[in-house]
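Everything below concerns the one structure shown next.
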Amino acid sequence: MDPRAKVLAFPRKAFDSYSSWCDYVSAWRKLGVYFAVTEHAYAEDCPDLLQCLIFLRIKYDNKRNLFHVFNLPDGRKSCGIPLHITIENARFPGTASLNIYPFYKHSEFNKFIAVFPEEYINSHSNTGAKFPFQKYEISLEWRILFPYYSCFWGSKYNNHVVFIGDVLAESFEGDQWKDQANYCAIPDLLQEPNIDALDIRVLGRTNWWNCLR
Amino acid sequence: MELFEVVRAVYNHPSFDIVSLDQEVPQRNSFMLGMEFIFSTTDGVLGIKEAAAGLGERDFYPSIFLPITYADCIATCLKGTAVWVPVESIYPSSVPSPFFRDMYSKFIIENSEHAAFLFDTYVKYNIESVIEDCILYSLWYFYAWLRKNTGCPYNKKTLMYIRDNHLYMQGRYLIAYMTPTALVSAFFVPAWITPRLIPRKFIFNHPEYFKLVPKSELFISCMDSLGLQPRLELV
């Protein structure tokens with residue numbers, strides 16, 4: 001990602017427990033500041049800062065746990081688009097800006113503007129369709145439940161805190177989103193030989209207990 | 001599949017089917033079942049060194065991973081019946097290995113046909129509660145094994161407490177996660193239970209057996225395992 005991009009990040013200690021989060025937010029509220037935005041290049045090399053990352057999945061429908069697969073140019077398969085949260089207008093690939101204030105127990109937002117990463121823009125679906133968006137604005141009802149993350153991620157310091165965002169395919173127009181061949185179930189995807197490493201981490205959080213027969 | 005092989009589950013959309021003893025395992029979409037014990041502390045986890053764990057896999061275990069075999073499931077089902085030694089009577093001196101299944105292995109081998117029947121008629125259809133029980137009894141047994149290897153005090157009352165308060169059941173301190181090869185049930189021994197099982201003083205006096213791994217270190221060195229990324233609800 002562009003090192004100049006400014007990303008939302010919190011001290012790692014804020015995610016130690018729910019009470020740590022409340023302590024952190026209370027302390028900052030007194031100062032009238034709710035979040036920290038820092039340059040990606042700095043945050044990436046800082047083990048004590050956790051960058052907030054959305055793992056955006058496109059779900060086939062409400063009934064089935066099928067997710068759209070993106071076949072990346074280097075051969076990897078992924079079902080979630082990683083997007084750093086930014087507070088400024090999203091300009092750099094791999095960032096998403098949310099109208100989200102303030103960061104407290106939970107933060108709701110209804111507008112989402114993303115600049116998708118290059119590799120996803122150059123990806124194709126299982127049926128060969130091209131990635132349809134360059135920059136995308138979507139209205140959706142979703143909320144990030146801080147501090148309830150899905151997992152930590154990062155090749156060097158595990159310094160990203162990942163939140164999963166699912167969007168129903170019906171939010172988009174076009175045949176690509178309606179074709180079930182472009183979707184995959186989580187266990188199938190996990191066993192793909194070329195699955196992306198972030199996907200393994202995030203999808204691994206799926207509770208398989210509910211699927212035992 | 002053999003009795004002492006790991007139980008496998010096959011993903012047949014949209015759910016997992018447990019593979020019977022007499023079934024072949026398909027190449028794709030098959031996952032092994034496993035359990036993981038994480039001994040939480042107030043600031044991280046209690047790691048166990050090979051001298052204490054005796055699993056023969058590596059020098060140090062930040063968490064203990066044990067595969068669930070068919071024999072584990074059978075042993076779990078037959079606990080405490082008239083035929084079997086009640087699990088409450090596990091004493092460290094009688095423990096030959098870290099695995100609960102070994103307590104009943106002779107009987108399971110001698111009654112393998114009965115075991116296969118039990119697996120198909122009971123275990124497969126109650127797999128969730130069997131896994132939960134398997135975790136409880138394996139923890140119980142592994143603890144006895146630790147006691148045997150290290151000489152730490154054996155606190156049976158706390159084991160009973162875990163059982164009687166259902167701490168080992170889903171939604172309490174038990175979470176599920178998946179890897180490309182396994183379906184894992186991870187049991188977080190709560191931070192207030194760990195020192196009751198293995199007293200702090202004993203841990204500090206025996207660095208050859210135990211090592212405290214602080215969260216700050218876990219975040220960086222041991223985060224490949226999802227089991228070691230504690231869910232905030234459990235902290």
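Because only heavy atoms are used, hydrogens play no part in the values below, and waters and symmetry mates are left out as well, while side chains stay in. Chain letters run A, B, ... following the sequence lines, proteins first and then strands; every chain starts at 1.
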Review item, side-chain donor-acceptor pairs of residues 72-79 of chain A, under 3.5 Å, at least two apart:
unit_1  : atom_1 : unit_2   : atom_2 : d
A:Asp74 : OD1    : A:Arg76  : N      : 3.1
A:Asp74 : OD1    : A:Arg76  : NE     : 3.2
A:Asp74 : OD2    : A:Arg76  : NE     : 2.7
A:Asp74 : OD2    : A:Arg76  : NH2    : 2.9
A:Arg76 : NH1    : A:Asp196 : OD1    : 2.4
A:Arg76 : NH2    : A:Glu119 : OE1    : 2.7
A:Lys77 : NZ     : A:Asn71  : OD1    : 2.9
A:Ser78 : OG     : A:Gly80  : N      : 3.2
A:Ser78 : OG     : A:Gly80  : O      : 3.0
A:Ser78 : OG     : A:Tyr120 : OH     : 2.8
A:Ser78 : OG     : A:Asp199 : OD1    : 3.0
A:Ser78 : OG     : A:Asp199 : OD2    : 3.4

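Going from atom CZ of A:Phe152 over to atom CG of B:Leu218 covers 11.0 Å, rounded to the nearest 0.5 Å. Residue A:Trp209 holds its CH2 atom at 8.0 Å from CD1 of B:Ile127, rounded to the nearest 0.5 Å. The structure places NZ of B:Lys215 at 4.0 Å from CG of A:Asp16, a figure rounded to the nearest 0.5 Å. With rounding to the nearest 0.5 angstrom, the NE2 atom of B:His13 is 7.0 Å from the SG atom of A:Cys184.
Contact annotation for B:Ser30: only backbone heavy atoms (N, CA, C, O) come within less than 4.5 Å of a heavy atom of chain A. Contact of A:Pro187 with chain B is made through backbone and side chain together, with heavy-atom distances under 4.5 Å.
The 12-atom threshold is not exceeded at CG of B:Asp59, counting heavy atoms of other residues, nucleotides or ligands nearer than 6.0 Å. Residue B:Arg200 places its CZ atom among 12 or fewer non-hydrogen atoms of other residues, nucleotides or ligands, all under 6.0 Å distant. Within 6.0 Å of NZ on A:Lys59 lie more than 12 heavy atoms contributed by other residues, nucleotides or ligands. More than 12 non-hydrogen atoms from other residues, nucleotides or ligands lie less than 6.0 angstrom from NZ of B:Lys49. Atom CD of B:Glu57 sits in a crowded spot, with more than 12 heavy atoms from other residues, nucleotides or ligands closer than 6.0 Å.
A heavy-atom distance below 4.5 Å is not found between the side chains of B:Tyr11 and A:Leu190. Counting only heavy atoms from C-beta outward, the side chains of A:Asn65 and B:Pro14 never approach each other to under 4.5 Å.
Taking every heavy atom of both residues into account, A:Cys151 and B:Leu226 meet most closely at CB-CD2, 4.2 Å. Closest approach of A:Gln191 and B:Asn29 over heavy atoms only: OE1-N, 2.6 Å. The two residues A:Trp208 and B:Phe16 come nearest to each other via the heavy atoms CB-CE1, 3.9 Å.
Among A:Asn207, A:Ile195, A:Thr206, A:Leu189, the residue with the largest count of heavy-atom pairs under 4.5 Å with chain B is A:Thr206. Per-residue heavy-atom pair counts under 4.5 Å with chain B were compared for A:Asn159, A:Asp188, A:Leu203, and the maximum is reached by A:Asp188.
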